[in-house]
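Heads up: the structure comes next, in structure tokens.
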Amino acid sequence: MTRKTLVVGNWKMHGSKEQVAAYFSELQKAIQNSSDKLLNEVVVCPPFIYLAQAAKLLEQLPQVKLGAQDVSGFTQGAYTGQIAASMLVDIGCQYVIVGHSERRQYCQESEEEIADKFFAAKATGLTPILCVGETQAQREEKRTESVVLGQLQAILTRQGVQSFQDAIIAYEPVWAIGTGLTASPQEAQAVHLLLRQTLAEYDVGLAQRLPILYGGSVKSSNAQQLFAMPDIDGALVGGASLQASEFFAISKV
Ligand code: PEP
């Protein structure tokens with residue numbers, strides 16, 4: 001079975017109007033001047049405030065899709081500062097990251113809140129990219145499996161395995177995010193397989209179709225070894241996605 005492959009760039013809190021314009025102009029040139037094939041889907045997730053500008057620029061670059069870094073779990077109302085899934089669709093987003101470890105850590109997002117966001121995204125037709133992953137301490141305590149399966153379970157208990165129809169999972173070991181440390185392809189593969197096998201206990205076909213991305217200090221020099229693993233279907237890229245040329249190099253098959 002061939003699964004969709006993707007590379008998703010998470011800019012986090014970086015950028016300016018000028019940088020957004022320069023980035024997409026450079027990415028467009030790189031894509032147009034290259035005969036290399038790209039992964040099935042290339043997605044860029046700028047900060048909310050630059051989504052409209054990016055959407056306009058991407059009209060000239062249909063190979064690249066737009067995503068957001070977060071979404072409200074509420075549909076609308078008195079939630080100052082929050083952005084609804086319907087607004088992300090309105091502005092041209094197709095994807096949204098939910099449960100990123102930086103939000104779990106700095107915004108104390110609970111499993112319940114993350115599930116609310118996941119289902120709010122799904123209800124509007126956005127593709128949620130659910131981030132799961134263990135911390136350094138949890139890995140040392142040999143709790144990687146129970147942590148990632150617990151994060152998966154928080155979604156499964158709400159609406160069962162069908163929740164993951166048209167969704168994406170990103171395995172992002174927290175100790176590998178922004179640290180320069182990467183899980184070895186074998187370490188990452190083991191967790192990806194665990195996630196897929198767990199979902200396969202409920203629905204084999206769905207588990208086989210579900211893209212599972214790896215995230216954690218991915219760059220062009222280590223991407224290919226990771227992508228060569230049977231259950232790694234692409235990457236969620238932070239730091240290395242900020243340079244258009246580097247992001248493009250990661251996106252090449
Ligand atoms: C991320 O932010 O999801 C991430 C994986 O960051 P980095 O690539 O910088 O480790």
Side-chain angles (χ1 to χ4, degrees), residues 4 6-17 19-21 23-24 27 39-104 106-132 151 154-155 158-159 162-170 172 210-211 213 215 234-238 241-242 247 251:
K4 182 155 127 175
L6 304 92
V7 64
V8 181
N10 173 17
W11 288 8
K12 312 193 188 195
M13 198 170 69
H14 293 285
S16 64
K17 278 196 293 187
Q19 284 168 355
V20 173
Y23 186 93
F24 287 112
L27 192 57
L39 296 182
N40 297 147
E41 203 93 297
V42 177
V43 183
V44 178
C45 304
F48 285 133
I49 192 99
Y50 299 121
L51 287 172
Q53 184 191 1
K56 184 90 197 120
L57 293 166
L58 288 177
E59 285 172 9
Q60 308 306 317
L61 192 54
Q63 301 92 323
V64 178
K65 308 286 189 264
L66 197 59
Q69 299 174 19
D70 184 35
V71 64
S72 176
F74 301 102
T75 48
Q76 65 170 353
Y79 301 104
T80 303
Q82 298 198 31
I83 305 285
S86 59
M87 297 172 185
L88 296 178
V89 172
D90 193 26
I91 210 84
C93 285
Q94 295 182 28
Y95 292 86
V96 62
I97 299 169
V98 297
H100 191 280
S101 62
E102 286 156 11
R103 295 200 58 86
R104 289 179 189 263
Y106 305 135
C107 307
Q108 283 82 44
E109 281 189 7
S110 65
E111 295 297 351
E112 201 183 334
E113 235 178 305
I114 292 165
D116 288 343
K117 292 176 178 212
F118 182 96
F119 290 108
K122 288 212 77 185
T124 59
L126 279 172
T127 301
I129 303 170
L130 174 73
C131 300
V132 299
Q151 292 165 335
I155 302 294
R158 285 270 189 106
Q159 291 187 22
Q162 287 310 313
S163 311
F164 288 98
Q165 185 76 46
D166 300 321
I168 292 172
I169 295 177
E172 298 210 301
L210 180 78
L213 311 181
L236 177 52
V237 186
S241 73
L242 292 171
F247 186 55
S251 325

First locate atom [atom1] of [X], then atom [atom2] of [Y], and finally report the distance between them rounded to the nearest 0.5 Å.
X	Y	atom1	atom2	answer
Asp166	Lys4	CG	NZ	8.0 Å
Lys65	Cys45	NZ	SG	13.5 Å
Asp90	Leu51	CG	CG	11.5 Å
Ser251	Leu6	OG	CG	10.5 Å
Leu236	Cys131	CG	SG	5.5 Å
His14	Ser241	NE2	OG	8.5 Å

Worksheet item: For atom CD of Glu112, is the number of surrounding heavy atoms from other residues, nucleotides or ligands below 6.0 Å larger than 12?
Response: no
Discussion item. For Gln76, is the CD atom crowded, meaning more than 12 foreign heavy atoms sit under 6.0 Å from it?
Written reply: no
Return the minimal non-hydrogen interatomic distance between [X] and [Y], and the atom names on each side.
X	Y	result
Ser86	Thr75	OG-O, 4.3 Å
Cys93	Gly67	SG-C, 4.0 Å
Ala85	Ala120	CB-O, 3.5 Å
Ala170	Ile129	CB-CG2, 4.0 Å
Ala54	Leu66	CB-CD1, 3.8 Å
Gln82	Gly73	OE1-N, 4.4 Å

Discussion item. Before you tell me yes or no, could you show the steps for Gln69 and Phe48 under side-chain contact (heavy atoms from CB on, under 4.5 Å), namely the whole-Å CA-CA distance, both residues' side-chain angles and the distance that decides it to 0.1 Å?
Written reply: CA-CA 8 Å; Gln69 299 174 19; Phe48 285 133; 5.9 Å; no
Do the side chains of [Y] and [X] get nearer than 4.5 Å, heavy atoms only?
X	Y	value
Gln63	Val42	no
Phe119	Ile155	yes
Arg103	Lys117	yes
His100	Glu172	yes
Asp116	Arg158	yes
Pro128	Lys122	yes

Practice prompt. Give the intermediate values and the outcome of side-chain contact (heavy atoms from CB on, under 4.5 Å) for residues Leu130 and Val98.
Written response: CA-CA 5 Å; Leu130 174 73; Val98 297; 4.0 Å; yes
Item to complete: List the steps, then state whether side-chain contact (heavy atoms from CB on, under 4.5 Å) holds for Asp70 with Glu109.
Response: CA-CA 11 Å; Asp70 184 35; Glu109 281 189 7; 3.8 Å; yes
Discussion item. Are Tyr23 and Trp11, when compared by the centres of their aromatic rings, separated by less than 6.0 Å?
Written reply: yes
Worksheet item: What residue among Val44, Leu242, Val64 forms side-chain contact (heavy atoms from CB on, under 4.5 Å) with Phe247?
Response: Val44
Fill in: Pair Tyr95-Glu41, side chain to side chain donor-acceptor pair (under 3.5 Å): steps then yes or no
CA-CA 11 Å; Tyr95 292 86; Glu41 203 93 297; 2.6 Å; yes
